[in-house]
S.K.: 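Okay, here's the structure, questions in a sec.
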Amino acid sequence: MKETIKRLVIKAAHAAYENGELNSPDLPEVEIEAPKFGNQGDFSTNFAMVSASIQKMAPKKIAETIIPYLTKNADLFDKVEAAGPGFVNFFVKPSAWPPMLKDVHEKGDRFGAPDLGKGEKIQVEFVSANPTGPLHVGHGRGAAVGDALARILSFSGYDVQREYYINDSGRQINTLGRSVFIRYEELYGIDVTFPDDCYQGGYILDIAREIQASRGNDLLEFEEHRAVSECARFAAKIILDDIRLDLKTFGLVYDNWYSEQTLYDAGKVDGVITEGRETGLVYEKDGALWFKTTRFGDEKDRVVVRSNGDTTYFASDIAYHREKYDRGFSRVIDVWGADHHGYIPRIRAAIEASGRGKEQFDVILIQLVNLLRDGEPVAMSTRAGEFVALKDVINEVGSEAARFIFLTRHHESPLDFDLALAKKKTNDNPVYYVQYVHARIASIIRNSMERGIETVPYSEETMAGLVAPEEISLIKTMAEYRETVRTAAELMEPHRITYYLITLASAFHAYYNKHRVLCEDPVLTLARLYLVMAVKKVIHNGLSLLGVSSPEKM
RNA sequence: GCGCCCGUAGCCCAGGGGAUAGGGCGUCAGCCUCCGGAGCUGGAGAUCGCAGGUUCGAAUCCUGCCGGGCGCACCA
């Protein structure tokens, strides 16, 4: 509808110019928007105001000039008028709306899909928690946002791969091994003081017991570094399996799990460093090797190989990101915790150093989740090992509610997650508010079938009955879906879909409360069924972009 | 100290330059003889942190300040 009006405005301006009523054929970018207030029409354009300087005319005058050209051949409008400082307001004929429902019915699950990606291969990497401990609520938010984003982008025509990067190499894994080994030693009565830098969580002891169960005391015979590395391997596998299980319970399916260790095994990390030395991007100073990230806007250069010979995580991250593009992705999106934001410039620098453009890399930062219960904070500290595991949250509130709540805020805004609230089946909890619409409509459809009502395809005569303000408002809201999805995809902001669904649900509930779908008038009943079934489809469509189900019954 | 994010009603948040700033919670007053009340309608409640600037027009863009969070390792 917006596109149609935009074309009409451009056409009108051209015609006016040819008749000598406008001074210039040049047109600025014409924008059509939906005004907030009913008395300002269904749509408006700022054309006259933005053209004022080009035309050297007063905005109001321009508006009045083009209006006759707009109304001349368009039977779309009841009226078009100039208003305010120079807006042109369009009042669309109510009968212009129902045809839009046909589109919803025909496209179904594809309704509203913006044609943005054109099959472009992109990757969304998210969660990628180190296999040193179970996933906690914060990871859950990253998972919900990352997955929804992947769904939205895929819906928008991109060829999306979901990837999990496994940090299965380096110091943290070694620390994990040490932690487990010490607990293991304790099981055999060897008293070792547990270091502060080791992982404190109870799951470490569980893993030590598993090792004990599967291979007895033989690790005690090993040299310590070998025992530690055995423990590390064993523990990382158990933890990673646990992570996979959590993600699966959360409804997540990854396309690829990428191991950091394989980068080392294939010599990719060394390769990047050697190549850097040849091109001068990597240099030696104070016995360490540094990457010249300052050349690409970072505030200082970063170490890739420490003076003790250890490579840093940054080194493998350079290799990893290069690898992503080599695998054919033209665009890469990383979803990180907001506390990693300081890492962005150096990764960006590394990517630009390999000849990729700025627009090929995005980082989505996920802000903190504050876990509450009845408004009181639930203590969480990863260091002390007292975090709330994602699985506990899912068990308590369900993965649907958890997902939806994670998506009720902009991802860079901190989120209060109240466990008590998330379980409530009231208006406080927007998941049910939206799902309820779907179930309610499903129920209406069941009733209609019991009464033997045969639904009909779209026809102008039947749909002519859809004239109530609540009906028009419902259709208008559905017409906004496409733009909402497009914006969500372009800005990588899944929460826009969440808010949209709440708005649509609200429009439906208001309608439902005032009008009966299955009413005395058989023709009107058919039209309303058609309308309400369209709403059901859009709700389903939107919820599926968030990874949330749409129940037929609740 | 430097960098990034946030500051919108009593509370939690939406608002990618447009007219009279929206929704939820809470609060007050109402709505089921009727398709699912997990619902609906209406009140009250806002100096959009402060001060400048750009613009015909700023919650939105720019600069400075104030307040909060997070980062600033040869850690990740």
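Here the structure is a predicted model, which means the values were calculated and not measured. Atom set for the values below is all heavy atoms of this structure, side chains included, hydrogens, waters and symmetry mates excluded. Residue numbers start from 1 in every chain, and the chains themselves are labelled A, B, ... in the order their sequence lines are given, proteins ahead of strands.
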S.K.: Just to be sure I understand the rule, does A/Q40 reach a base, reach only the sugar-phosphate, or reach nothing, if contact means heavy atoms closer than 4.0 Å?
M.R.: base
S.K.: Answer with base, sugar-phosphate or nothing: what part of the nucleic acid does A/H509 contact at a heavy-atom distance below 4.0 Å?
M.R.: sugar-phosphate
S.K.: Work out how far the C1' atom of B/A59 is from that of B/U8, and round it to whole angstrom.
M.R.: 7 Å
S.K.: Give every residue pair that meets the side-chain hydrogen bond (donor to acceptor under 3.5 Å, both in side chains) criterion with at least one member in residues 36-51 of chain A, sequence neighbours excluded.
M.R.: A/D42-A/K476
S.K.: Across the strands shown, which category fits A/H410 at heavy-atom distances under 4.0 angstrom: base, sugar-phosphate, nothing?
M.R.: sugar-phosphate
S.K.: How many whole angstroms separate atom CD of A/Q367 from atom P of B/C13?
M.R.: 11 Å
S.K.: Taking only side-chain nitrogens and oxygens of A/K36, does any of them come within less than 4.0 Å of OP1 or OP2 of B/U20?
M.R.: no
S.K.: If you measure from the P atom in B/C11 to the same atom in B/C65, how many Å do you get, rounded?
M.R.: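 B/C11 and B/C65 have their P atoms separated by 27 Å.
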S.K.: From C-beta outward on A/R306, which listed nucleotide comes closest to its side chain: B/C5, B/C74, B/G15?
M.R.: B/C74
S.K.: Could you measure between the two C1' atoms, the one in B/C13 and the one in B/A73, and give it in whole Å?
M.R.: 37 Å
S.K.: Using the C1' atoms only, state how far B/U47 lies from B/A58, rounded to an integer number of Å.
M.R.: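 Pairwise C1' distance, B/A58 against B/U47, rounds to 16 Å.
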S.K.: Under 4.0 angstrom, heavy atoms only, what part of the nucleic acid is A/P345 near: base, sugar-phosphate, or nothing?
M.R.: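 Touches nothing.
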S.K.: Under 4.0 Å between a side-chain nitrogen and a carboxylate oxygen: does that hold for A/E33 and A/K2?
M.R.: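 No, this pair does not count.
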S.K.: Please determine whether a side-chain nitrogen or oxygen atom of A/H495 lies at a distance below 4.0 Å from atom OP1 or OP2 of B/G15.
M.R.: yes
S.K.: So which one's nearest nucleotide on RNA chain B is more toward 5', A/R302 or A/S443?
M.R.: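 Closer to the 5' end of RNA chain B: A/S443.
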S.K.: Give the rounded distance in Å between these two atoms: NE2 of A/H411 and C1' of B/G16.
M.R.: 12 Å
S.K.: Please enumerate all residues that pass ring pair (Phe, Tyr, Trp, His ring centres under 6.0 Å) together with A/F508, with sequence neighbours excluded.
M.R.: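 Ring pair (Phe, Tyr, Trp, His ring centres under 6.0 Å) list for A/F508, sorted by chain: A/Y512.
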S.K.: Scan for side-chain hydrogen bond (donor to acceptor under 3.5 Å, both in side chains) pairs involving residues 439-454 of chain A, sequence neighbours excluded, and state none if there are none.
M.R.: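 Sorted pair list: A/R440-A/H509.
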S.K.: Do A/F406 and A/F417 have ring centroids that are under 6.0 Å from one another?
M.R.: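 Between A/F406 and A/F417, which both carry aromatic rings, the centre distance is below 6.0 Å.
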S.K.: Give the nucleotide from the list B/C74, B/G16, B/G36 with an atom nearest to the side chain of A/T487.
M.R.: B/G16
S.K.: For residues 163-177 of chain A, which residue pairs pass the side-chain hydrogen bond (donor to acceptor under 3.5 Å, both in side chains) check, not counting sequence neighbours?
M.R.: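 As it turns out, the side-chain hydrogen bond (donor to acceptor under 3.5 Å, both in side chains) pairs with a partner in residues 163-177 of chain A, which skip direct neighbours, are A/Q123-A/E163, A/N130-A/Q172, A/E163-A/N256, A/E163-A/Y320, A/E163-A/R327, A/N167-A/E260, A/D168-A/S259, A/S169-A/Q261, A/Q172-A/Y199.
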S.K.: The side chain of A/S413 is closest to which nucleotide in this list: B/A14, B/G71, B/C40?
M.R.: B/A14
S.K.: Considering only residues two or more places apart or on different chains, which pairs with a residue in residues 305-317 of chain A satisfy salt bridge (Lys or Arg N to Asp or Glu O under 4.0 Å)?
M.R.: A/R306-A/D310
S.K.: When the P atoms of B/G45 and B/U60 are compared, how many Å lie between them, rounded to an integer?
M.R.: 25 Å
S.K.: Using the P atom in both, what is the distance from B/C50 to B/G7, to the nearest Å?
M.R.: 13 Å
S.K.: Spell out yes or no: do the side chain of A/H341 and the base of B/G3 have one donor N/O and one acceptor N/O closer than 3.5 Å?
M.R.: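 Answer is yes: a donor-acceptor pair is held.
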S.K.: Confirm from the modelled atom types if A/T312 and B/C74 form a donor-acceptor pair under 3.5 Å, side chain to base only.
M.R.: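 Donor-acceptor pair under 3.5 Å: no.
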S.K.: What is the distance, rounded to the nearest whole Å, between atom CD of A/E33 and atom P of B/A19?
M.R.: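 Result: 7 Å.
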S.K.: Which part of the nucleic acid, if any, lies within reach of A/H515 when heavy atoms closer than 4.0 Å are counted: base, sugar-phosphate only, or nothing?
M.R.: base
S.K.: As a test of the definition: with a 90° window around 0 for syn, would you call B/C32 syn or anti?
M.R.: syn
S.K.: I'd like to know if A/E396 pairs up with A/R373 as an ion pair, taking the criterion as any Lys NZ or Arg NE/NH1/NH2 lying under 4.0 Å from an Asp or Glu carboxylate oxygen.
M.R.: yes
S.K.: Need one value for A/N39: base, sugar-phosphate or nothing, where a base atom within 4.0 Å counts as base even if backbone is also close, heavy atoms only.
M.R.: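 Base: the residue A/N39, judged by heavy atoms under 4.0 Å, touches a nucleobase.
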S.K.: Are the ring of A/Y499 and the base ring of B/G23 both nearer than 5.5 Å at their centres and tilted by less than 30°?
M.R.: no
S.K.: Across the strands shown, which category fits A/R409 at heavy-atom distances under 4.0 angstrom: base, sugar-phosphate, nothing?
M.R.: sugar-phosphate
S.K.: I need the CG-P distance between A/D418 and B/G24, as an integer number of Å.
M.R.: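 Between P of B/G24 and CG of A/D418: 19 Å.
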S.K.: Would you jot down, in residue-number order, the residues of residues 43-54 of chain A having a non-hydrogen atom under 4.0 Å from RNA chain B?
M.R.: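 Output list: A/S44, A/N46, A/M49, A/V50.
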S.K.: Would you say A/D301's side chain and A/T294's backbone share a donor-acceptor pair under 3.5 angstrom?
M.R.: yes
S.K.: What integer number of Å spans the P atoms of B/C62 and B/G18?
M.R.: 15 Å
S.K.: Whole angstrom is fine here: how far is it from CZ in A/R141 over to C1' in B/C5?
M.R.: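 Distance check: A/R141 CZ to B/C5 C1' gives 12 Å.
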S.K.: Do any pairs count as a salt bridge (Lys or Arg N to Asp or Glu O under 4.0 Å) and have a residue in residues 43-57 of chain A, sequence neighbours left out, and if so which ones?
M.R.: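 Qualifying pairs, neighbours excluded: none.
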S.K.: Using the C1' atom on both, measure B/C48 against B/G15 and round to a whole Å.
M.R.: 11 Å
S.K.: Looking only at the side chain of A/N447 (C-beta and beyond, no hydrogens), which of the listed nucleotides B/G36, B/A19, B/G71 gets closest?
M.R.: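 Output: B/G36.
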S.K.: Determine the sole option in A/L149, A/T498, A/L501, A/V485 for which the side chain to side chain contact (heavy atoms under 4.5 Å, CB included) test with A/L545 is passed.
M.R.: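 With A/L545 as partner, side chain to side chain contact (heavy atoms under 4.5 Å, CB included) holds for just one option, A/V485.
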S.K.: Think A/Y433 has a side-chain N or O under 4.0 angstrom from the OP1 or OP2 of B/G37?
M.R.: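 Result: no.
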S.K.: Which of the following nucleotides, B/C74, B/G15, B/G37, is nearest to the side chain of A/R440?
M.R.: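 Nearest to the side chain of A/R440 among the choices is B/G37.
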S.K.: Quick one: which residue pairs count as a salt bridge (Lys or Arg N to Asp or Glu O under 4.0 Å) with a foot in residues 514-532 of chain A, not counting sequence neighbours?
M.R.: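 Counting only pairs at least two positions apart or across chains, the salt bridge (Lys or Arg N to Asp or Glu O under 4.0 Å) contacts touching residues 514-532 of chain A are A/E470-A/K514, A/E471-A/R528.
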S.K.: Expected output check: what is the dot-bracket annotation of RNA chain B, where ( ) and [ ] are pairs inside the strand (brackets for crossing ones), | is paired with another strand, and pairs are Watson-Crick or G-U under 3.5 Å?
M.R.: (((((((..((((....[...)))).(((((.......))))).....(((((..]....))))))))))))....
S.K.: Within residues 282-301 of chain A, which residues have any heavy atom lying less than 4.0 Å from an atom of RNA chain B?
M.R.: A/D286, A/A288, A/W290, A/E299, A/K300
S.K.: OP1 or OP2 of B/G16 less than 4.0 angstrom from a side-chain nitrogen or oxygen of A/R496, does that happen here?
M.R.: yes
S.K.: Determine: side-chain N/O of A/Y432 to OP1/OP2 of B/A38, distance under 4.0 Å, yes or no.
M.R.: no
S.K.: Can you see if the side chain of A/Y512 gets near the phosphate of B/G37 - specifically, an N or O under 4.0 Å from OP1 or OP2?
M.R.: yes
S.K.: Among all residues two or more places apart in sequence or in another chain, which pass the ring pair (Phe, Tyr, Trp, His ring centres under 6.0 Å) test with A/Y500?
M.R.: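 A/Y500 satisfies ring pair (Phe, Tyr, Trp, His ring centres under 6.0 Å) with A/Y481 only.
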S.K.: Can you tell me how far P of B/C13 sits from OH of A/Y500, to the nearest Å?
M.R.: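 These atoms are roughly 25 Å apart.
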S.K.: So, A/E490 and A/R496, do they make that salt bridge, N to O below 4.0 Å?
M.R.: no
S.K.: Please tabulate, for the side chains in residues 345-352 of chain A, all donor-acceptor contacts under 3.5 angstrom to protein atoms that are two or more places apart in sequence or on a different chain.
M.R.:
unit_1: A/R348; atom_1: NH1; unit_2: A/K358; atom_2: O; d: 3.4
unit_1: A/R348; atom_1: NH2; unit_2: A/F361; atom_2: O; d: 3.3

